[in-house]
Amino acid sequence: QLPVVSVVRDAESQLLPDVGAVVTCKVCSINSRFAKVHILYVGSTPLKSTFRGTIRREDIRATEKDKVEVYKSFRPGDIVLAKVISLGDAQSNYLLSTAENELGVVVARSEAGVQMVPISWCEMQCPRTHTKDFRKVARVQPQFLQT
């Protein structure tokens, strides 16, 4: 009986965001045309490395797309639920959309550094200072709530 030595590699491959997948991402920067994000989760699975994504102004809301203002929907640092609408390549980003009631900002911090509370589909409020900020607020479904 000879001893057996074996090498086991981590066979788990990197999960990639796919069209139609709901992803959790963090807003990095915004301008008047789009928000740049880093994709952190696909569904409830954390990614080993982040992917870049873009949420264009016209993909933020399903209605009144021409009246959407990016800075009234997202701020850098916000955690957002979005849906992948097109795949990226080496140069470009994944195109994401929040144009559903269930998609949008789920976690936002106020100027005071406190987690804000949603008060409507388009506003969040700081519990400490009671200041209100505009956001594209997600109506989070119970199955997505995790502590």
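As a basis for the values below, the full set of heavy atoms in this structure was taken, side chains included, without hydrogen atoms, waters or symmetry mates.
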Checklist entry - Out of curiosity, does Val106 fall in the hydrophobic cluster containing Ile119 (side-chain heavy atoms, cut-off under 4.5 Å, transitive links)? => result no

Checklist entry - Do Tyr94 and Val19 belong together in a cluster built from hydrophobic side chains that touch within less than 4.5 Å? => result yes

Checklist entry - Does a side-chain heavy-atom distance below 4.5 Å link Thr98 with Leu81? => result no

Checklist outcome for this item: Here the gap from His38 atom NE2 to Cys28 atom SG, rounded to the nearest 0.5 Å, amounts to 4.0 Å

Checklist entry - When clusters are formed by joining ILVMFWY residues with side-chain heavy atoms under 4.5 Å apart, either directly or through shared neighbours, do Val117 and Val137 land in the same one? => result no

Item to check | Closest contact, heavy atoms only, Phe74 versus Ile30 | outcome: O-CD1, 3.5 Å

Next on the checklist: Is any side-chain heavy atom of Val68 closer than 4.5 Å to one of Ser73?
Outcome noted: yes

Checklist entry - Of all heavy-atom pairs between Arg135 and Arg109, which one has the smallest distance, and what is that distance? => result NH2-O, 4.0 Å

Checklist entry - How would you list all residue pairs meeting salt bridge (charged side-chain N to carboxylate O under 4.0 Å, His left out) that involve residues 54-63, not counting sequence neighbours? => result Arg56-Glu58, Arg56-Asp59, Arg61-Glu64

Checklist entry - Which atoms form the tightest heavy-atom contact between Leu47 and Phe51, and what is the distance? => result CD1-CD1, 3.6 Å

Item to check | Side chain proximity check, Arg75 to Asp133, heavy atoms < 4.5 angstrom | outcome: yes

Item to check | Verdict with supporting geometry, Glu111 and Thr129, side-chain contact (heavy atoms from CB on, under 4.5 Å) | outcome: CA-CA 9 Å; Glu111 304 270 331; Thr129 63; over 6 Å; no

Item to check | Derivation and outcome, side-chain contact (heavy atoms from CB on, under 4.5 Å), residues Val23 and Tyr41 | outcome: CA-CA 5 Å; Val23 296; Tyr41 286 79; over 6 Å; no

Next on the checklist: Could you tell me if the side chain of Val80 sits less than 4.5 Å from the side chain of Ile55, heavy atoms only?
Outcome noted: yes

Next on the checklist: Please report the interatomic distance NZ(Lys132) to OG(Ser110), rounded to the nearest 0.5 Å.
Outcome noted: 14.5 Å

Item to check | Thr54: side chain to side chain donor-acceptor pair (under 3.5 Å) partners, not counting sequence neighbours | outcome: Asn93

Checklist entry - Passes side-chain contact (heavy atoms from CB on, under 4.5 Å), Cys25 versus Leu96? Steps please. => result CA-CA 10 Å; Cys25 42; Leu96 307 175; 4.0 Å; yes

Item to check | His130 backbone acceptor or donor facing Gln125 side chain under 3.5 Å | outcome: yes

Next on the checklist: Check for me, please, whether Phe34 and Phe134 land in the same ILVMFWY cluster - side-chain distances under 4.5 Å, paths through other members count.
Outcome noted: no

Item to check | Rounded distance [0.5 Å steps], CD1 in Ile60 versus NZ in Lys136 | outcome: 9.5 Å

Checklist entry - Ala99 and Ser97: which non-hydrogen atoms are nearest, and at how many Å? => result N-OG, 3.1 Å

Item to check | Rounded distance [0.5 Å steps], CD in Glu123 versus CE in Met116 | outcome: 9.0 Å

Checklist entry - Do you know which two heavy atoms are closest between Val70 and Asn31, and how far apart they sit? => result CB-O, 3.3 Å

Item to check | Side-chain touch Thr50/Ile39, heavy atoms, less than 4.5 angstrom | outcome: no

Checklist outcome for this item: Looking only at heavy atoms, the pair that brings Met124 and Pro118 closest together is CG-CA, 3.9 Å

Checklist entry - Can you find a heavy atom in the side chain of Lys83 that is under 4.5 Å from one in the side chain of Leu103? => result yes

